[in-house]
Amino acid sequence: MGKFIISKRKDSDFKFNLKAGNGQVILTSQGYGSKSSCENGIESVRTNSQDDSKFERNTAKDGRCYFNLKAGNGQIIGTSQMYESENGMENGIESVKNNAPGASIEDETLL
């Protein structure tokens, strides 16, 4: 089962990573000014990850593939790692779809 990890960036913004059951990061959020906004972002991932049209598939200048998950308003909620192939990227999207809905939340800012 996947999990969301809430942490702080060096600039004190909050962020989350969605990790698959194997511990690999499959989605990283933008920075949020408050923890509650970050938690809202997690809920947005849970909701929007079930709609394939919310995944924006991209190719970087170096030819590697990545995706963004967008909210209903078009704002990017999270970005994937870089993948060597489209097939790898599609597997990453499937992993987000499978892991996000039931993922637990671990808050590293409390440690």
Ionic contact status for D11 with R9, cut-off 4.0 Å: no
N48 versus V45: any side-chain heavy-atom pair under 4.5 Å? no
Is the side chain of D13 donor-acceptor paired with the backbone N or O of G31 at a distance under 3.5 Å, no angle test? no
Ignoring hydrogens and geometry beyond distance, is a side-chain donor-acceptor pair present between T28 and K15 at under 3.5 Å? no
Please round to the nearest 0.5 Å and tell me the distance separating atom CG of D107 and atom NZ of K8. 10.0 Å
Is there a side-chain contact between T109 and I6, using heavy atoms and a 4.5 Å cut-off? yes
For residues I26 and F67, report the shortest heavy-atom separation together with the two atoms involved. O-CZ, 3.8 Å
Mind checking whether V96 and I105 sit in one hydrophobic cluster, side chains of I, L, V, M, F, W, Y counted as touching below 4.5 Å? yes
Quick check: does any side chain N or O of Q50 sit under 3.5 Å from a backbone N or O of K97, one acting as donor and the other as acceptor? yes
Quick one: pull up CD in E39 and CZ in F4 and give me the separation to the nearest 0.5 Å. 12.0 Å
Value for CG (N68) from CG (N58), rounded to nearest 0.5 Å, stands at 5.5 Å
About how many Å separate OG of S34 and CG of N40, when rounded to the nearest 0.5 Å? 7.5 Å
Is there a side-chain contact between K35 and L110, using heavy atoms and a 4.5 Å cut-off? yes
Crowded around K3 NZ? As in, over 12 foreign heavy atoms under 6.0 Å? no
Quick one: does N73's side chain have a donor or acceptor within less than 3.5 Å of a partner on Q75's backbone? yes
State the OG-CG distance between S80 and L27, to the nearest 0.5 angstrom. 7.5 Å
Here the gap from E108 atom CD to S7 atom OG, rounded to the nearest 0.5 Å, amounts to 6.0 Å
State, without any angle test, whether S85 and N87 hold a side-chain donor-acceptor pair at a distance under 3.5 Å. no
Ring centroid separation for Y32 and F14, is it under 6.0 angstrom? no
Salt bridge present between R57 and D52 (N-O < 4.0 angstrom): yes
Within the supplied structure, the quantity of interest is the number of heavy atoms (other residues, nucleotides, ligands) at a distance under 6.0 Å from E56 CD; does it exceed 12? yes
Determine, stepwise, if the pair E94 / N91 fulfils side chain to side chain contact (heavy atoms under 4.5 Å, CB included). CA-CA 5 Å; E94 287 305 310; N91 288 340; 5.5 Å; no
All heavy atoms of R46 vs all of S49, minimum pair found to be O-OG, 3.3 Å
With the side chain counted from C-beta on, respond yes when F16 and I77 share a heavy-atom pair under 4.5 Å apart, and no when they do not. yes
Locate the shortest heavy-atom distance separating Q81 from Y66; write the atom from each residue and the value. O-CB, 3.5 Å
Taking all non-hydrogen atoms of both residues, which atom of G2 and which atom of N99 are closest, and how far apart? N-OD1, 3.1 Å
Side chains of Q24 and K19: does their closest heavy-atom pair fall under 4.5 Å? no
